[in-house]
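Before any comments, here is the structure.
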Amino acid sequence: MTTDMVDPRSERLEMVERQIVARGIRDPLVLSAMRTVPRHEFVPEDLRDLAHDDRPLPIGHGQTISQPYIVALMTELAELRGEESVLEVGTGSGYQAAVLAEIAARVYTIEFVEPLLRAAAATLARLHYRNVVPRLGDGRLGWKEMAPFDAILVTAAPAYRIPQDLLDQLADGGRLVAPVGGEVQMLSLVRRRGRTFERRDITAVRFVPLLGAAE
Ligand code: SAH
């Protein structure tokens with residue numbers, strides 16, 4: 001190894017301190033997951049030098065792997081303790097699914113674009129994430145057979161509203177985190193209490209749009 005090759009693990013630990021701890025993420029399980037998952041493995045090879053930068057990165061097909069801080073924030077908002085069943089909409093690179101899988105018992109993740117799904121499934125298998133179940137499909141419909149979910153993370157933005165099927169598939173007491181809006185979106189946290197859905201605005205974000213036929 002030459003001296004100018006940077007160790008991904010030390011870059012990752014620095015990423016967590018500077019971008020995630022410094023911005024107020026406190027949940028020890030989230031910090032530990034962010035320190036563990038090899039983010040560079042989920043980034044296209046020609047962009048590996050940038051894997052730990054404070055930004056999203058292109059993964060092909062017009063899609064992106066989310067910024068590290070946003071992955072940590074959404075994971076913290078899901079309030080995972082270890083036994084949960086989680087649904088992710090928008091597998092993308094598979095990175096967010098891996099972070100969730102470090103904490104939760106099971107992660108179901110749905111991707112709309114087939115080559116992305118294949119690549120993410122291959123990465124997750126190579127890294128031995130056996131508790132992640134990836135599937136090709138329209139995540140706006142959720143995954144009825146596996147519902148209810150203790151947490152649902154939507155990592156692409158619906159323009160107007162959170163799809164009703166996703167709300168329906170949230171367990172009582174469950175948390176749903178989703179960006180909602182056009183070019184700039186509001187990251188929203190929804191908590192289900194029986195038939196009531198309490199919604200809280202978290203922060204402005206920029207995700208790619210949720211694809212599919214008109215909402
Ligand atoms: N969570 C990803 C980042 C996702 S980018 C990661 O960690 O890398 C958003 C992803 O949502 C893209 O891959 C896009 O193809 C996918 N997507 C868009 N609309 C979708 C839909 N209706 N159902 C499932 N996936 C969708």
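For ligands, and for the atoms within them, numbers begin at 1 and follow the listed sequence. The basis for the numbers below is simple: all heavy atoms, side chains too, and nothing from hydrogens, waters or symmetry mates.
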Return the closest protein heavy atom for [atom] as residue, atom name and distance.
{"atom": "atom 11 (O) of ligand 1", "answer": "Gly90 CA, 3.2 Å"}
{"atom": "atom 19 (N) of ligand 1", "answer": "Leu211 N, 2.7 Å"}
{"atom": "atom 9 (C) of ligand 1", "answer": "Thr155 O, 3.3 Å"}
{"atom": "atom 23 (N) of ligand 1", "answer": "Gly139 N, 2.8 Å"}
{"atom": "atom 26 (C) of ligand 1", "answer": "Phe112 CB, 3.5 Å"}

Go through ligand 1 atom by atom and flag the ones less than 4.0 Å from a non-hydrogen atom of [X].
{"X": "Thr64", "value": "3 (C), 4 (C), 5 (S)"}
{"X": "Asp138", "value": "21 (C), 22 (N), 23 (N)"}
{"X": "Gln96", "value": "1 (N), 7 (O)"}
{"X": "Val208", "value": "5 (S), 9 (C)"}
{"X": "Val113", "value": "15 (O)"}
{"X": "Ser93", "value": "6 (C), 7 (O), 8 (O)"}
{"X": "Ile65", "value": "8 (O)"}

Using side-chain heavy atoms (C-beta onward) and a distance below 4.5 Å, is [X] in contact with [Y]?
{"X": "Arg39", "Y": "Met34", "value": "no"}
{"X": "Thr109", "Y": "Leu87", "value": "no"}
{"X": "Leu176", "Y": "Phe197", "value": "no"}
{"X": "Ile25", "Y": "Leu73", "value": "yes"}
{"X": "Val107", "Y": "Tyr129", "value": "no"}
{"X": "Leu187", "Y": "Met74", "value": "yes"}
{"X": "Asp27", "Y": "Leu80", "value": "no"}
{"X": "Val86", "Y": "Tyr108", "value": "no"}

N or O contact, Gly212 vs ligand 1, cut-off under 3.5 Å |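 No: no nitrogen or oxygen of Gly212 is under 3.5 Å from one in ligand 1.
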Hey, what's the ring geometry for His52 with His40, parallel, tilted or perpendicular (30° and 60° as the breaks)?
->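 Judged by the thresholds at 30° and 60°, the geometry between His52 and His40 is tilted.
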Return yes if some donor-acceptor pair links the side-chain N/O of Glu111 with the main-chain N/O of Gly92 below 3.5 Å, else return no.
->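 Yes.
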Side chain of Ser188, backbone of Val180: donor and acceptor closer than 3.5 Å?
->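 Checking the backbone N and O of Val180 against the side chain of Ser188, no donor-acceptor pair under 3.5 Å is found.
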For ligand 1, is any non-hydrogen atom under 4.0 Å from Gln63's backbone (N, CA, C, O), its side chain (CB onward), both, or neither?
->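 Just the side chain.
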What part of Leu116 sits under 4.0 Å from ligand 1 if we count only heavy atoms: the side chain, the backbone, both or neither?
->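 The part of Leu116 near ligand 1 is the side chain, not the backbone.
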Determine, considering heavy atoms only, which of Gln67, Met74, Glu111 sits nearest to atom 13 (O) of ligand 1.
->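 Heavy atom nearest to atom 13 (O) of ligand 1 belongs to Glu111.
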Could you grab the distance from atom CZ of Arg191 to atom OG1 of Thr196, nearest 0.5 Å is fine?
->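 It is 13.0 Å, given to the nearest 0.5 Å.
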Of all the heavy atoms in [X], does at least one lie under 4.0 Å from an atom in ligand 1?
{"X": "Thr91", "value": "yes"}
{"X": "Gly137", "value": "yes"}
{"X": "Glu88", "value": "yes"}

